[in-house]
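Within every chain, numbering begins at 1; the chains are lettered A, B, ... in the order of the sequence lines, protein sequences first and strands thereafter.
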Amino acid sequence: MKETVSELLQSALATLQSEGTLPANQTFTPQVGNTKDKSHGDYACNIALVASKAAGCPPRKLAEALVERLPNSSAVDKVEIAGPGFINFFMSTASAFEVVNTILDEAGHYGRNRNGNGEKVQVEFVSANPTGPLHVGHGRGAAIGDCLSRLLEANGYEVTREFYYNDAGAQINNLALSVQSRVKGLTPEDENWPADGYRGDYITDVANAYLAGETVTADDREVTGKADPDDQQAIQEFAVAYLRREQDLDLKAFGVEFDVYFLESSLYENGKVEEAVERLQENGYTYEHDGAMWLKTTEFGDDKDRVMRKKDGGYTYFLPDVAYHLDKWQRGFTTVINEQGADHHSTVTRVRAGLQALNVGIPKGWPDYVLHQMVMVTRSGQEVKISKRAGSYVTVRDLIDEVGRDATRFFLAARRVDSQLTFDIDLARSQTNENPVYYIQYAHARICSVLRKLKEEGVERGLNECVGDLSLLTLDEEKDLANQLAKYPELIESSAKLREPHHLAHYLRDLAGQFHTYYNAHKVLIEDTAVRDARISLYLAIRQVIANGLDLLGVSAPEEM
RNA sequence: GCGCUCGUAGCUCAGCUGGAUAGAGCAUCGGCCUUCUAAGCCGGUGGUCGCAGGUUCGAGUCCUGCCGGGCGCGCCA
């Protein structure tokens, strides 16, 4: 539809260029926008304002010339020039409802495109260290990362979802010590409890399982508790496996699945870290200072150089990060998106700098980052900080248990990533129109309910059956709905391009709202079966788009509520 | 102090690559269930888009400065 308008305009522009009204050596690309106000038609174009300087005449005059040269099209009812020189297009009613046919034809594929052309894209998200249950922040990452992945898939990309975790180093050591202390019967209140030990109840669970000789399976490995209180290494391996399994259960309950679990330790085992170090040294970007090895990240925009090998000979986290991303690049991902909490933003410049210093042809701004801001959880207007299970933070499991998976996913993905998010438990639990999740799901269920009712009356309609004469749809609400449905594909495209999944949530809220209004204002199961059938076709198209959209959010579309 | 980021109605938030009188929901006030699910609908009240400049035919949107919130500034990850 928009393309049609755009083509008409391009044709008119070309005519003006050949006539000499517009310079032939410039290219003019008309931007066709959606209108906010119906009195401005369905689409508007500002090209006359943009090009008036080049034409050397006032915008309104240029607009008039342009409109005169627009080719005829059955899709356009009328064209108006308004305000300072906007060209407003009023589309024909018949063309507005073509989308209903398209939607019912394409069904679950409606809105999807092949722009990605099968290109391999990796989305790394969550990447929590196995030191405890996933917290709300991880939940936000999981919701955003997964939704983004689904959006990219809908745009024809081949997406790999990856989870990276640190299975060695200081905090894992700390975890092992904490579990060991529990194994030996200590509690966080004891004075011998490790200074930075993990205090949550889950540590006790790990300790008990270890002592009981339980076997846990996670990420292709199987670890059995050795029950030996003094074998710290055995405790560490068991604890890591145990907590990884726990996180997997959280993610599963959340409906998120990963294709690859990447262990930091593997980068040491297969020499990737050494390889990175050697390359950086060869390229002359390293130097020794204070007994440590530094990388000249300042040459690539960092504000200070970074230590890559510590005085004690160990590497900082920064180096395996670089090695990890080199590995991603070598695996052939020309597009990589890292979804992380905003507290990681300092690593962005650093990792990119390290990758440039490798000098292996990685583009400057690679990889992409999507950083989400912090999440605060409230109940009865008060901030909730404590979870019994984790001790010091609210877990993903807490939220799923309390408000359910659909609401949790929706709320965590529905906000712009760069704004801080307040997760209101009362709101997420409420079952009224103040809760957008139920509001959208209810629209879907209502349509399904109407279909059931119709069936009781002896009329069976397939979900993708377009029956009836759509030209009988003459109401404003119906045309508005059709227009809203027609916007869905471009929404899928732009949300993926911008890496902003929240648009989807808002779009669905709007669509559901329009539907509820229409539903209340006009009955569908009426005696005039011709109109009824046409309306049902529109209903089915709405149902399909809501189902498609909710699917991309990872939220269910119930048939009854 | 420096860097990143946000600051839109009482509250929670939209506002697509700058575009035509700033939008929702909640709250508040008032209506609608003998009729397809009231988990719904309709209407009213409510905003100098943090402040001040600048760019532009046009700025909530871009630039600068200031104020305020968040995050980061470890040989922690």
Side-chain angles (χ1 to χ4, degrees), chain A residues 31 33-37 39-40 44 46 49-50 52-53 58-59 82-86 88 127 129 131 165-166 169-172 174 196 264 289-294 303-304 306-318 320-321 341-349 371 373-374 376 378 381 414-416 418-422 424 427 430-439 441-443 445-454 456-457 487 490-491 494-495 497-498 500 502-503 505-507 509-510 512-513 515-526 532 539 560-561:
Chain A
Q31 294 189 352
N34 300 315
T35 53
K36 286 178 192 166
D37 192 324
S39 67
H40 299 145
N46 64 352
L49 285 89
V50 176
S52 78
K53 225 172 226 173
F86 292 103
N88 295 334
S127 294
N129 285 334
T131 53
Y165 70 91
N166 170 305
Q171 47 198 336
I172 296 297
N174 188 12
D196 301 316
E264 185 187 4
H289 179 69
D290 283 348
M293 187 192 288
W294 297 68
D303 55 348
K304 46 183 134 172
R306 304 291 164 181
V307 169
M308 48 189 268
R309 194 173 62 212
K310 300 182 277 185
K311 244 185 270 182
D312 67 12
Y315 295 111
T316 61
Y317 71 92
F318 160 62
D321 264 6
D343 52 339
H344 289 81
H345 71 71
S346 61
T347 70
V348 177
T349 317
L371 303 178
Q373 291 289 329
M374 303 292 107
M376 178 172 79
T378 64
R415 212 68 88 210
R416 250 169 64 218
D418 48 14
S419 71
Q420 287 151 235
L421 164 59
T422 304
D424 183 339
L427 177 62
S430 76
Q431 302 201 343
T432 62
N433 64 353
E434 59 191 286
N435 188 334
V437 190
Y438 289 108
Y439 186 82
Q441 289 180 322
Y442 183 45
R446 257 187 162 168
I447 293 171
C448 294
S449 167
V450 166
L451 290 173
R452 283 191 295 272
K453 203 85 186 174
L454 189 64
E456 282 171 24
E457 293 177 12
K487 282 183 200 162
E490 64 183 273
L491 171 88
S494 67
S495 301
K497 204 170 281 174
L498 298 168
E500 292 178 354
H502 72 279
H503 293 300
H506 287 276
Y507 169 86
R509 178 68 181 67
D510 289 345
F515 169 73
H516 286 308
T517 297
Y518 174 52
Y519 175 92
N520 274 279
H522 306 283
K523 274 196 79 167
V524 58
L525 299 180
I526 50 178
R532 181 198 68 190
Y539 266 45
E560 53 190 313
M561 295 174 73

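OP1 and OP2 of B/A24 both lie 4.0 Å or more from every side-chain N or O belonging to A/R509. Between A/H522 and B/C41 there is no side-chain N or O to OP1 or OP2 distance below 4.0 Å. Taking 4.0 angstrom as the limit, A/H502 places a side-chain polar atom (N or O) nearer than this to OP1 or OP2 of B/G15. Look at A/K304 and you won't find any side-chain N or O under 4.0 angstrom from OP1 or OP2 of B/G3. Look at A/K36 and you won't find any side-chain N or O under 4.0 angstrom from OP1 or OP2 of B/A22. OP1 or OP2 of B/C41 sits under 4.0 Å from a side-chain N or O of A/Y439. Distances shown here put a side-chain N or O of A/Y442 below 4.0 Å from the OP1 or OP2 atom of B/A38. Residue A/T422 has a polar side-chain atom (N or O) positioned under 4.0 Å from OP1 or OP2 of B/C13. An OP1 or OP2 oxygen of B/A38 is reached within less than 4.0 angstrom by a side-chain nitrogen or oxygen of A/R446.
Looking at A/D312, its side chain does come within 3.5 Å of a backbone N or O of A/G314 through a donor-acceptor pair. Looking at A/T517, its side chain does come within 3.5 Å of a backbone N or O of A/G513 through a donor-acceptor pair.
No contact: A/D510 has no heavy atom under 4.0 Å from any strand. When heavy atoms are screened at a 4.0 angstrom cut-off, A/R306 is found touching no nucleic acid atom at all. Heavy atoms of A/A445 sit under 4.0 angstrom from at least one base atom. In this structure, A/A44 reaches the bases: a heavy-atom distance under 4.0 Å links it to at least one base atom across the strands shown. Within 4.0 Å (heavy atoms only), A/S346 reaches sugar-phosphate atoms of the nucleic acid but no base atom. In this structure, A/V437 reaches neither bases nor backbone, as no heavy-atom distance under 4.0 Å exists between it and the strands shown. No engagement by A/F318 is indicated, since no non-hydrogen atom pair under 4.0 Å with the nucleic acid exists. As judged by a 4.0 angstrom heavy-atom cut-off over every strand, A/D418 is placed among residues touching the sugar-phosphate backbone only. Within 4.0 Å (heavy atoms only), A/E490 reaches no atom of the nucleic acid at all. A/A342 comes within 4.0 angstrom of sugar-phosphate atoms only, judged by non-hydrogen atoms across all strands, and of no base.
The separation of B/A39 from B/A22, taken at their C1' atoms, amounts to 30 Å, rounded to a whole angstrom. One P atom belongs to B/U5, the other to B/C76, and the distance between them is 28 Å to the nearest Å. Nucleotides B/U8 and B/C49 place their C1' atoms 4 Å apart, quoted to the nearest Å. Of the C1' atoms belonging to B/U55 and B/C67, the separation is 23 Å, rounded to the nearest Å. Across the C1' atoms, B/C6 and B/C51 are found 16 Å apart, a figure rounded to whole Å. B/G10 and B/G53 have their C1' atoms separated by 30 Å, given to the nearest Å. Taking atom C1' on both nucleotides, B/U17 is separated from B/U21 by 24 Å, rounded to a whole Å.
Within the model, atoms NZ of A/K497 and CD of A/E490 stand 10.5 Å from one another, a figure rounded to the nearest 0.5 Å. Here A/D343 contributes atom CG and A/Q373 contributes atom CD; the two are 9.0 Å apart, rounded to the nearest 0.5 Å.
Using the Watson-Crick or G-U wobble rule with both distances under 3.5 Å, B/A9 pairs with nothing in any strand shown. When Watson-Crick and G-U wobble pairs are counted only if both distances are under 3.5 Å, B/U56 pairs with no nucleotide at all. Nucleotide B/C71: paired with B/G3 (Watson-Crick or G-U wobble, both distances less than 3.5 Å). Both distances falling under 3.5 Å, in either a Watson-Crick or a G-U wobble arrangement, place B/C51 opposite B/G65. Pairing for B/C33 is absent, with no Watson-Crick or G-U wobble pair whose two atom distances lie under 3.5 Å. The partner of B/A20 is absent, by the rule that a Watson-Crick or G-U pair needs both atom distances under 3.5 Å.
Sequence order on RNA chain B of the closest nucleotides to A/I526 and A/Q420 puts A/I526 first from the 5' end. Between A/D343 and A/Y315, the residue anchored closer to the 5' end of RNA chain B is A/D343, taking for each the nucleotide with the nearest heavy atom.
Between the CD atom of A/E457 and the C1' atom of B/U35 there is a distance of 12 Å, rounded to whole Å. The distance between atom NE2 of A/H345 and atom P of B/C73, rounded to the nearest whole Å, is 8 Å. Atom NZ in A/K311 sits roughly 10 Å away from atom P in B/C75 (whole-Å rounding). Taking atom CE of residue A/M561 and atom P of nucleotide B/U37, one finds them 14 Å apart after rounding to whole Å. One atom, CG of A/N34, and another, P of B/C16, lie 12 Å apart when rounded to the nearest Å. The separation between A/L49 atom CG and B/C57 atom P is 11 Å, rounded to whole Å. Note: OH (A/Y317) to P (B/C75) measures 9 Å, nearest angstrom. In this structure, A/R416 places its CZ atom 10 Å from C1' of B/G7, rounding to the nearest Å.
Stacking here means ring centres nearer than 5.5 Å and ring planes tilted less than 30 degrees, and by that measure A/H506 does not stack onto B/A24.
Classification of the A/Y519-A/F515 ring pair by plane angle, with boundaries at 30° and 60°, yields tilted.
Using a 90° window around 0 for the glycosidic torsion, B/C33 falls inside it and is classed as syn.
No donor-acceptor contact under 3.5 angstrom links the side chains of A/N129 and A/T131, judged on distance only.
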